[in-house]
Protein chains: 2
Amino acid sequence: MTSPPVVKKAARTRQTVDVRRAQLITQGMAFFGTRPYDAVSIDDIAEAAGISKGLLYHYFPTKRDYYAAVLETAAADLLAQTTIDPALAPDLRLRTGLEAYLDFVKARGPAYVALMRGGIGSDPVIAGIVDRVRNHYVDTVLRDLPAPPRPRALRVLLRGWVGFVEVTSLAWLESPAGTISKASLIESSSLVLAALLGDLAP
Amino acid sequence: MTSPPVVKKAARTRQTVDVRRAQLITQGMAFFGTRPYDAVSIDDIAEAAGISKGLLYHYFPTKRDYYAAVLETAAADLLAQTTIDPALAPDLRLRTGLEAYLDFVKARGPAYVALMRGGIGSDPVIAGIVDRVRNHYVDTVLRDLPAPPRPRALRVLLRGWVGFVEVTSLAWLESPAGTISKASLIESSSLVLAALLGDLAP
DNA sequence: TCGCCTCACTGACTTGGGTTCAATAAGCCA
DNA sequence: TGGCTTATTGAACCCAAGTCAGTGAGGCGA
């Protein structure tokens, strides 16, 4: 007879729904912000959280739903960080907002990339979450414009502008230090926006 | 004893490596251009191609590698369609190139979206293929510029410009007909590029 | 024409990770 | 204290990716 295993199984602790959910979301941010979606297994998360795999399914019906919940939280963070006092003058608000955006990207770094890009672009729910963020920025810009002509067309171009900001942010993040300054990016982004708006409404 | 199955198993046909590979790539374009990566199973493809699953693994070591090969082909198609006669004047070449790009997007439609976006953004090999396409466009623009100041910084901005074109293309594709014309998109894209170049090198 | 040899091809098996579910027990309330 | 709800568990299930030992189509040399 060998001696019984030394490892004491941690006593099962029962948490309220809110606490456990919050814990799991935090756990998910750490995981999905580090490795891509399918390099993260449910077992990994469960083990790190000190719970059984089954419990995760008690909170989230599916792995994708879990991921969506995590992404949703990250998106909310981003929006919270980049929402600027509406009392400011439009162009100052724009610059402040861009700066906040870039600060967020810098601060989160790879986690931002992983959550925004590393996901499952195919899943409509996931894509919807990211799109909502993008549309929010489009709306923010549009709100300052006094009844532009051809608003539908302008939306398409503004989506493009958001794409420009997103892509330059990522390129900036990945480029060696000193390649381009935050100030230059803000400058160029405002310039592009002005060019688009000036063109559409002369 | 029940009667033997009626279905005649198709005689095993032996193809040359090149033919089979080409067939499988074509097959993959159809599948991955229609549904997202993980909604396509190896069994589906094998069955549609009339071969065994094992054979697919004889040609491609892994599902991802298979997907990469398909994407590579699609990317080559895109580049082939958007490579414009270098003898043309730069700004005419730009407009012609943009038009070709938009035509390609329109022609492929959902397949373009699925292949470019629906993939596994996390996989470095996959991401590399898409990035190579983007960088190619950056290089194409840079080639026309006589020794710009701060070329590294300009690259970041040009990546952003490519992002702008990509995103507006997708938004255009998804928007109801008549929202914005192809001509307007070309116009705005050139405008944005001019603004960026004019700003960097006054 | 025949036998041989290569390698395209098969199908049954293994494996890993997402998902399910019946049983268990922690904490609350009467 | 007993009973009830439900957070929690662990084992089983299932699907799809990946493996592998074997098979036969067809080309080639004699």
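Below, chains carry the letters A, B, ... as their sequence lines are ordered, and counting in each starts from 1.
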Return the value, rounded to whole Å, for the distance between atom NZ of A:Lys63 and atom P of D:dC14.
21 Å
What side chain to side chain donor-acceptor pair (under 3.5 Å) pairs are there with at least one residue in residues 48-63 of chain A, not counting sequence neighbours?
none
Presence of A:Tyr59 side-chain N/O under 4.0 Å of D:dT8 phosphate oxygens OP1/OP2:
yes
Are any of B:Arg20's side-chain N or O atoms less than 4.0 Å away from OP1 or OP2 of C:dC9?
yes
From the list C:dA26, C:dG11, D:dT9, which nucleotide is the closest neighbour of the side chain of A:Ser52?
D:dT9
Take the protein atom OH of B:Tyr57 and the nucleotide atom P of C:dA12, then report the distance between them rounded to whole Å.
17 Å
Is the B:Phe32 ring parallel, tilted or perpendicular to the B:Tyr37 ring (thresholds 30°, 60°)?
parallel
Let me know the distance between CG of B:Leu56 and P of D:dA16, rounded to the nearest Å.
16 Å
B:Phe60 has an atom CZ; how far is it from atom P of C:dA8, in whole Å?
13 Å
Could you check which of C:dC9, C:dT19, D:dA7 has an atom nearest any side-chain atom of A:Lys53?
C:dT19
Restricting to non-hydrogen atoms, name the atom on A:Ala49 and the atom on A:Leu24 that form the minimum distance, rounded to 0.1 Å.
CB-CD2, 3.9 Å
Please work out if B:Val40 contacts a base, only the sugar-phosphate, or nothing of the nucleic acid, heavy-atom cut-off 4.0 Å.
sugar-phosphate
Rounded to the Å, how far apart are B:Leu24 CG and C:dA8 C1'?
12 Å
According to a strict under-4.0 Å criterion, is A:His58 in side-chain N/O contact with OP1 or OP2 of D:dT8?
no
Taken to the nearest whole Å, CG/A:Leu55 to P/C:dG18 is 16 Å
Please give, in whole Å, the distance from D:dG24 P to B:Ile51 CD1?
19 Å
Phosphate contact (D:dG18 OP1 or OP2) by B:Thr62 side-chain N/O below 4.0 Å:
yes
Whole angstrom is fine here: how far is it from CD1 in B:Ile42 over to C1' in C:dT15?
16 Å
What nucleotide, of D:dG26, C:dT19, D:dA16, holds the atom closest to the side chain of B:Asp43?
D:dA16
Please tabulate, for side-chain N and O atoms in residues 152-162 of chain B, each donor-acceptor pair with protein atoms closer than 3.5 Å (sequence neighbours left out).
residue  : atom : partner  : partner atom : Å
B:Arg155 : NH1  : B:Asp139 : OD1          : 3.0
B:Arg155 : NH2  : B:Asp139 : OD1          : 3.1
B:Trp161 : NE1  : B:Ser189 : O            : 2.9

Hey, which of A:Leu79, A:Asp131, A:Thr82 is the one that makes side-chain contact (heavy atoms from CB on, under 4.5 Å) with A:His136?
A:Leu79
Side chain of A:Arg14 - closest among C:dC9, D:dA17, D:dA7
D:dA7
